[in-house]
Q: 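Input: one structure, supplied below.
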2 protein chains.
Amino acid sequence: MTRRPTIRDVAKAAGTSVGSVSRVLNGGPYASSELHNKVMRAVAKLGYEPDVVAQSMRLKSTKTIACLLADIANPLYAEIVNAAEERLQKEGYVFVLSTTRNDEERELAMISMVRRRRMDGMIVMASDETRKDVNTALAEAAVPVVLIDREVPAKYDAVYVDHRGGAIDAMRYLIGLGHKRVALLLPSEHVRPGRERAAGYRQALTEAGIAVDPELIRPQKTSVHFSYADIEKLLQGPHPPTAIIVLGTRMLAGVMKTVSTRNLRIPEDLSLISIGDTDLTRFASPPITVVRWDLAELGRAAADLLIEQLNGVKRERPQHISLPTEFIIRGSCAPPKKPGAKRP
Amino acid sequence: MTRRPTIRDVAKAAGTSVGSVSRVLNGGPYASSELHNKVMRAVAKLGYEPDVVAQSMRLKSTKTIACLLADIANPLYAEIVNAAEERLQKEGYVFVLSTTRNDEERELAMISMVRRRRMDGMIVMASDETRKDVNTALAEAAVPVVLIDREVPAKYDAVYVDHRGGAIDAMRYLIGLGHKRVALLLPSEHVRPGRERAAGYRQALTEAGIAVDPELIRPQKTSVHFSYADIEKLLQGPHPPTAIIVLGTRMLAGVMKTVSTRNLRIPEDLSLISIGDTDLTRFASPPITVVRWDLAELGRAAADLLIEQLNGVKRERPQHISLPTEFIIRGSCAPPKKPGAKRP
DNA sequence: TTGTATGCGTTATCAG
DNA sequence: CTGATAACGCATACAA
């Protein structure tokens with residue numbers, strides 16, 4: 001009574017065998033329409049639903065995808081994840097989100113979970129690219145993997161954002177406005193976005209014939225909470241920047257705090273450029289000029305790449321998809337108040 | 001070679017039987033230390049990891065919890081989910097997040113997934129409480145359920161936030177400042193938070209001897225995107241409100257848009273109160289006065305309730321936990337510029 | 001204390 | 001076209 005009906009119950013009720021029931025339900029062909037009807041009637045009557053666990057056992061596929069990301073509360077990640085989930089779900093996969101908090105132990109634990117639970121694949125947008133253990137664990141998991149904005153390990157399919165181009169756009173704009181000392185706040189250079197953004201920053205500066213002051217490039221240790229002290233130090237130094245590019249969603253909150261604490265006016269005292277079309281950047285006053293990109297597309301592209309692998313499509317070499325950025329000018333930038341630091 | 005080792009391989013390598021291996025790995029007792037060593041050595045040598053799917057098959061528990069929520073991109077939800085996941089993970093459960101986008105079809109699909117995948121329980125913070133089909137599906141799923149901020153179906157454990165108290169705090173404050181016409185923007189009254197907030201709003205007004213103008217209570221159809229037109233209409237009417245309480249995270253973005261479009265000054269032209277300690281409310285200028293509550297605690301409490309049920313703790317009646325709100329005064333409220341609408 | 005055998009619910013193979 | 005049966009990998013009741 002309380003027990004869920006099994007395929008055997010259906011077979012009995014339909015007066016046939018389990019094999020036939022299974023075939024009617026899955027195989028499609030090889031089933032007389034009479035049998036088909038009998039089976040379907042029994043299924044409806046008993047409210048039978050196949051047991052996915054038993055199917056997984058038999059088929060060696062759990063139809064489950066894991067997604068490793070550092071932090072679900074980051075609105076940028078949320079949109080990517082949503083889009084990826086939607087796509088995968090349409091293909092019958094269940095999407096398991098795992099937040100690693102950028103903790104290596106947790107990453108390893110997640111990867112082990114993928115193996116032990118026989119999950120079918122993973123989308124990874126967490127982790128420092130230099131973590132050897134994570135990389136080998138990934139390889140040992142022996143499942144299809146798609147990386148988002150990571151280029152290590154190189155053997156996997158990946159979806160990239162053209163952060164370098166975005167940084168160049170931002171810098172050219174600022175340089176055009178007359179800025180010469182621009183601070184760059186980044187996530188770690190141990191991940192692709194940080195590296196690419198720093199590269200773009202340097203490239204634009206070099207193009208304009210401005211020397212790169214390494215002091216102005218500030219990779220932030222913790223990506224989640226901006227180290228408030230760091231920017232304070234910068235602003236109190238002898239040659240404070242006239243503009244700041246904040247290429248991390250969460251860091252922006254920290255910068256905003258500094259701005260209001262020190263009663264700085266934007267853009268008169270300081271120009272600001274950030275990333276992402278978030279509520280914070282759009283409804284700040286003034287609204288903040290940003291580099292943005294299509295987050296949903298990023299998620300979809302990753303899912304599509306994974307689905308291809310899941311469907312057994314073999315390629316010579318890993319696929320890489322690169323998405324462009326867009327530069328949205330709002331009200332947070334103006335020419336510098338006074339000329340930049342003295343130069344010879 | 002490429003095949004994963006099974007318990008049988010371990011038994012062979014250890015020169016014992018599958019039963020013993022299984023006992024050493026799980027049972028704990030009944031294992032001579034010599035056997036224990038042999039088995040562990042074999043496990044290490046082969047890199048054996050138990051197959052969770054097979055275990056689920058046998059034990060009829062997948063150690064998996066589903067979490068239904070409307071929208072992962074909402075930063076308030078994100079924090080709740082994070083806290084719940086952390087707790088559940090510690091107990092060995094995997095947490096499957098499913099976004100329903102407030103779509104009944106999707107909710108039903110998710111619940112069906114829980115059944116077919118033999119998941120062990122669910123945390124629900126989605127759905128209109130009046131959806132009959134969802135409620136019956138929930139009951140038929142026949143698994144432990146914990147509701148977050150929903151009181152229907154009444155048979156389940158639930159964690160509540162004292163939204164009524166929060167609304168009262170906000171209204172008393174505004175009334176104390178001299179406001180008489182306060183608009184209330186709400187999610188649907190078909191969910192508990194909407195109902196409670198409206199009740200608190202009315203109660204505070206009644207206490208102060210101010211008549212409730214039903215025109216000022218505006219439940220928003222779509223909770224994700226604020227209907228911009230609605231607030232516009234309100235502000236252009238004959239008796240515009242002098243203050244607005246925006247009790248929905250996402251709606252606030254819409255209100256902010258109106259504010260900047262119409263060049264309204266806050267708090268001089270309009271007082272504003274919202275919810276949640278988000279980047280948007282904290283770093284707006286002026287920072288916005290809000291009603292907040294402990295999101296992480298909400299998630300943890302829900303997880304704890306669920307774990308209790310999972311562990312087979314039986315209670316006479318469903319457990320209900322209620323969390324208080326906190327009123328944080330920032331700079332978005334001031335006395336009304338001119339007296340409220342004329343009164344007899 | 002340890003080994004053997006059974007069954008969990010499916011799908012797929014193989015005769016009929 | 002259909003029915004019986006053998007795995008899938010594990011935990012456990014029971015026998016030794």
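Chain naming here is simple, since letters A, B, ... match the order of the sequence lines and numbering starts at 1 in each.
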Q: When we call it a touch if two heavy atoms are under 4.0 Å apart, what does B/Ser22 touch: a base, just sugar-phosphate, or nothing?
A: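 Base contact.
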
Q: Compare side-chain N and O positions of A/Ser20 against OP1 and OP2 of D/dT2 and report whether any pair is under 4.0 Å apart.
A: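 No, A/Ser20 has no side-chain N/O under 4.0 Å of OP1/OP2 on D/dT2.
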
Q: Could you state the CG-P distance from A/Asp9 to C/dC8, rounded to the nearest angstrom?
A: 11 Å

Q: Charged N to carboxylate O below 4.0 Å: is that the case for A/Lys63 and A/Glu91?
A: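 The answer is no: the pair does not qualify as a salt bridge.
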
Q: Could you state the CD1-P distance from A/Ile7 to C/dG9, rounded to the nearest angstrom?
A: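 My rounded result for the distance is 11 Å.
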
Q: So if I take every side-chain heavy atom of B/Asp51 and compare against D/dT2, C/dG3, D/dG9, which nucleotide ends up nearest?
A: D/dG9

Q: I want to confirm an ordering. Mapping B/Gly19 and B/Arg118 to their closest nucleotides on DNA chain C, which one lands closer to the 5' end?
A: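 Result of the comparison: B/Gly19.
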
Q: A/Thr16 near the nucleic acid: base, sugar-phosphate alone, or nothing, with a heavy-atom cut-off under 4.0 Å?
A: sugar-phosphate

Q: In whole angstroms, how far is the P atom of D/dC10 from the CZ atom of B/Arg8?
A: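 After rounding, the reported distance stands at 8 Å.
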
Q: Side chain of B/Arg23 only, heavy atoms from C-beta on: which candidate in D/dA13, D/dA4, D/dC8 is closest?
A: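 For the B/Arg23 side chain, the nearest candidate turns out to be D/dA13.
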
Q: Measure from CD on A/Gln55 to P on D/dG9 and round the result to the nearest Å.
A: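 That distance rounds to 17 Å.
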
Q: Does this structure show an ion pair linking A/Arg192 with A/Glu129, if we count only N-O contacts that are shorter than 4.0 Å?
A: no

Q: Send over the distance from B/Lys38 NZ to C/dG3 C1', rounded to a whole Å.
A: 12 Å

Q: D/dT2 C1' sits how many Å from A/Glu34 CD, rounded?
A: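 Computing the A/Glu34:CD to D/dT2:C1' distance gives 12 Å.
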
Q: What's the closest nucleotide to the side chain of A/Ser17 if the choices are D/dG3, C/dC8, C/dT10?
A: D/dG3

Q: Taking side chain as C-beta onward, heavy atoms only, is A/Leu68 less than 4.5 Å from A/Met122?
A: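 They are in contact (side-chain heavy atoms under 4.5 Å apart), so the answer is yes.
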
Q: Just the rounded figure in Å: distance from P of C/dG9 to NZ of A/Lys60.
A: 18 Å

Q: Would B/Asp120 and B/Ser61 count as having a side-chain donor-acceptor pair, cut-off 3.5 Å?
A: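 Yes, B/Ser61 and B/Asp120 have a side-chain donor paired with an acceptor closer than 3.5 Å.
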
Q: Of all the nucleotides listed (D/dC10, D/dG3, D/dT12), which has the minimum atom distance to the side chain of B/Leu59?
A: D/dT12

Q: Does B/Thr6 have a side-chain nitrogen or oxygen under 4.0 Å from the phosphate oxygens OP1 or OP2 of D/dG9?
A: no

Q: Can you find a pair of side-chain heavy atoms, one from A/Ser56 and one from A/Arg118, that are under 4.5 Å apart?
A: no

Q: Whole Å only: how far is the CG atom of B/Asn26 from the C1' atom of D/dG9?
A: 13 Å

Q: Taking the side chain of A/Met57 as heavy atoms from C-beta outward, which of C/dA5, C/dT10, C/dG9 is closest to it?
A: C/dG9

